[in-house]
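Notes follow the structure.
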Amino acid sequence: IGGVLATESDKIIPFAVGVDIACRMCLSVFELDAVLLEKRRSEFKKHLGDHTYFGIAGTNKNALEDEVWEHPDWKTTPFIRSLYPKALSQIGTSGTGNHFVEWGVIEIVEENSADLGNLSKGSYVALLSHSGSRGFGAGIANHYSKLAIEQIKLPREAQHLAWLDLNTEAGQEYWIAMNLAGEYAAANHHQIHRRMAKALGKKPLFMIENHHNFAWKEKLADGTEVMVHRKGATPAQKGVLGIIPASMATQGFVVRGKGEVSAVNSASHGAGRLMSRNKAHNSFTMNEVKKLLQEKGVTLIGGDLDEAPMAYKDINHVMLAQRDLVDIIAKFSPKIVRMAESDENKKGRED
């Protein structure tokens, strides 16, 4: 379900941030009645097929203009500059594994909440995406994790806890690169959502988004400054919005953080897996998955057995267990889901 780790404020652990730096959720809500998804299902499915790109080596030859390329940190270090061509080619694309772009129905349970565009209670069309900083972030993570392990000699069983000191050149390089990966990941999602909105011919009312593989400088309740690493965990400071998905056949949630100190202002990233990817492959058939999706009214493009809904925990149990961490303000039900094809999933993962 995820891990949260707070260190001294000038120490950062690349491995605790993860390989897919700034992997994140992004939700766009449209002022369209949810019944349109059923009435125009083939049209919404075509938009996903035409305007999303998946795979470890997936590229986008139709990228939109983006101000992210004007960020000065692209020129900061030779290593970042070496990764620029890959970042440029992959903007607006998604990875493999549990990365997805999907149309669904959002049910707003709070009346006229400012966080939700002051919409009335009810159901609306929404677009939800899950992916990160692609090969750019993976390159940063692998390089600086290896560097940390070389610099900080820890016992073999703890070597991945090796850190970089922000007072050193290497630490500053990673900090700059990680934050740039965060800007890039956000732009990556925004490109996807802009393309889909254009295809739909409708601008979204509002957008909700959050990172879940990242490190933030924060303060504990006693004022101590720390570096909070959240790998597969959702920021849940008081009043902060987040998205907690489940599986391709199960509703997820839009939440508002309660700022629970004992949980370091964090909540889960999702439902969490019941079994490993290999076990899922050996436990289910695609016919079983298709039958379940049909019962749930979900259309799937791509996907593989490792993401079978049955491989995940019951999201309702997970949400009940963290009721002290977040309030539920909306529910999202997937209806048309796009994921990487099964052959792409076998090449490797970024999640």
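A distance-only check finds a donor-acceptor pair linking the side chain of Asn210 to the backbone of Ile243 [under 3.5 Å]. Although no hydrogens or angles enter the test, the distance criterion places a donor-acceptor pair under 3.5 Å between the side chain of Asn179 and the main chain of Trp175. With hydrogens and angles disregarded, a donor-acceptor distance shorter than 3.5 Å links the side chain of Thr168 to the backbone of Asp165. With hydrogens and angles disregarded, a donor-acceptor distance shorter than 3.5 Å links the side chain of Gln322 to the backbone of Ser268. Using modelled atom types, no side-chain atom of Gln237 and backbone atom of Val264 make a donor-acceptor pair closer than 3.5 Å.
With sequence neighbours left out, Glu31 forms a salt bridge (charged side-chain N to carboxylate O under 4.0 Å, His left out) with no residue at all. For the ring-ring contact (aromatic ring centres under 6.0 Å, His included) test, residues two or more places apart in sequence or in another chain that qualify with Tyr144 are Phe79, Tyr174. Residues passing the salt bridge (charged side-chain N to carboxylate O under 4.0 Å, His left out) test with Arg40 are Glu43, sequence neighbours excluded. For Asn282, the side chain to side chain donor-acceptor pair (under 3.5 Å) criterion is met by no residue, not counting sequence neighbours. Not counting sequence neighbours, His71 has no partner by the ring-ring contact (aromatic ring centres under 6.0 Å, His included) test. Taking Glu150 as the reference, nothing meets the side chain to side chain donor-acceptor pair (under 3.5 Å) condition, with sequence neighbours excluded.
Between Phe214 and His211, the angle of the ring planes lies from 30° to 60°, which puts this pair in the tilted group. Using bins of under 30°, 30° to 60° and over 60° for the plane-to-plane angle, the ring pair Tyr184/Trp74 lands in the perpendicular bin.
At a cut-off of 3.5 Å, with distance as the only test, a side-chain donor of His193 or Ser28 sits close to an acceptor on the other residue. Counted by atom type alone, Asn213 and Asp20 present zero donor-acceptor pairs between their side chains at under 3.5 Å. For the residue pair Glu107 and Gln251, no side-chain donor N or O sits within less than 3.5 Å of a side-chain acceptor on the partner. Residues His189 and Ser129 have side chains that bring a donor and an acceptor to within less than 3.5 angstrom of each other. With 3.5 Å as the limit, one finds no donor-acceptor pair spanning the side chains of Glu102 and His130. At a cut-off of 3.5 Å, with distance as the only test, no side-chain donor of Thr285 or Asn287 sits close to an acceptor on the other residue.
Note that Lys45 lies outside the cation-pi zone of Trp103, set by a 6.0 Å cut-off to the ring centre and a 45° limit from the axis.
More than 12 non-hydrogen atoms from other residues, nucleotides or ligands lie less than 6.0 angstrom from CD of Gln151.
Asp66 and Arg194 are joined by a salt bridge, as a carboxylate oxygen and a charged side-chain nitrogen come within less than 4.0 angstrom of each other.
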